[in-house]
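Contents: one structure, followed by commentary.
Whatever order the structure lists them in is the order used to number ligands and atoms, beginning at 1. Every value quoted in this text rests on a predicted model; they were computed, and no experiment measured them. FYI, the numbering just counts along the sequence from 1.
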Amino acid sequence: MDKWIEIDISAIEQNLREVQSRLEMGTRLIAVIKANAYGQGAIETARILSRQGVDFFAVSFLEEALQLRQAGIQAPLLVFSPVISPDGIRDAMKNRIGLTVASTNDLELIEEVCSDAVDDLTVHIKIDTGLGRFGLNQEQALLVWGRLANISNVELEGIYTHTADPSSPASAEKQFQQFMQIADRLEQSGATVPLRHIANSTVFLRSPHMHLDGVRIGTLLTGQHPVGDFTQRLQLQEPFAFKTRIVSLRNLPQGSRLGYFGTYLMRTPAQVAVIPVGFHDGLALEVANKPINLWDLLKKLAKIILGYFDWPGQDIRVTIGDQSFPVRGKVFMQMALLVIPLGIEIKVGDVVTVPIRKTLAAHDIPRIYLDKGTYSDQGNRAADG
Ligand SMILES: *Cc1c(COP(=O)(O)O)cnc(C)c1O
């Protein structure tokens, strides 16, 4: 195998324990395992979390939920994104997959399908409190809930919203107030709302009073804190490590240029190694969203400029054993070059750990699940304890 991703089961379990330790009794954990569990592998992650007692999962799309069901995951599932075809809704019913209703369009489709269906359908309604993605306003929420309540085979399980600005507790608070007002109005109109939920990882850490009946956590379970400053930090572990092996190693003289366009000039002779990992696998990829403000823009510009001048600290660095080395030259589609000083003992076949953002790592790279309690990097069994 020339590249693989090692997923440390005990790290996932540790992250789960950390999240659970901040949960009040009676607040349900909805583990978000969308996008292949942020790259960690949705099916295996669901199994690992299920064994530790997690009994509710969420994903973005029906297709993701169906794959989990096909793999034998039995726990309740919620799909965030609206399902827009009658067949999709029938599939959800057959497979006991909970759906989100976020528009009157979604409502009408469900009314149509449910009128001649035998199975039950579990539904959460989604309120838009400022993200601008999916959701109902107050008036629509009352209307949609009322009509769903009239469908005998619809089970109304919850109401939720998603916050927009992770950098601003004040704006999350405003969204929270708006959401609670709508949920309260629903209950005043006679509805029973079993599950209110708003918190993602950011809100979960920052605002315990917003935990409500359930929290939807993805990022923290994958071992990372969300972007932003937190006074409360958890003891998280990174479960994800992308590994490969050196496939070529040569000494090149001073003055050699590396990669397309010769962007890197070797100022000293060195060993140049090739790893079979490139942007096709997710190496050197970043999400190129518009900067969020002027400061962010300046930071991004500074990064590009420093990177252009090979400023240390801007490098992509891989690790081999306990040493780290920079990737040099432009990353190729399926390869990259490492510069390793002369005299460092290294050979073809040595294992290299490559920093690849897990959400951007290619899906076709095999994920290998290890319990690092009984495993070490060299493949030897570690001593107990
Ligand atoms: C992705 C997502 C979450 C989880 O967010 P994290 O910040 O990764 O915990 C929760 N709710 C919705 C609707 C999402 O799309």
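Scanning the protein for heavy atoms near atom 10 (C) of ligand 1, the closest one is Arg216 NE, 3.5 Å. The protein heavy-atom contact nearest to atom 9 (O) of ligand 1 is Ser201 OG, 2.5 Å.
Side-chain contact annotation: Gln181 with Gln177, donor-acceptor N/O pair under 3.5 Å absent. Side chains of Thr100 and Tyr160: a donor-acceptor N/O pair is present below 3.5 angstrom, by distance only. Judged purely by distance below 3.5 Å, without hydrogens or angles, the side chains of Gln14 and Arg17 pair a donor atom with an acceptor atom. No side-chain N or O of Arg28 forms a donor-acceptor pair with one of His197 less than 3.5 Å apart.
Here is the list of ligand 1 atoms found below 4.0 Å of a heavy atom in Lys34: 1 (C), 2 (C), 3 (C), 14 (C), 15 (O). Residue-ligand proximity, Tyr38 to ligand 1, at heavy-atom distances under 4.0 Å covers atoms 1 (C), 4 (C), 5 (O), 6 (P), 8 (O). Counting atoms of ligand 1 from 1 in the listed order, those under 4.0 Å from a heavy atom of Ile217 are 9 (O).
Evaluated by nearest non-hydrogen atom to atom 5 (O) of ligand 1, the leading choice among Thr219, Asn200, Val32 is Asn200.
Aromatic ring pairs are classed by plane angle as parallel below 30°, tilted from 30° to 60° and perpendicular above 60°; the pair Phe204 and His211 is parallel.
For His209 and Phe176, the ring centers sit closer than 6.0 Å to each other.
Taking distance alone, with nitrogen or oxygen atoms compared against 3.5 Å, Arg133 approaches ligand 1 more closely than that limit. Residue Gly218 has at least one nitrogen or oxygen atom sitting less than 3.5 Å from a nitrogen or oxygen atom of ligand 1, judged on distance alone.
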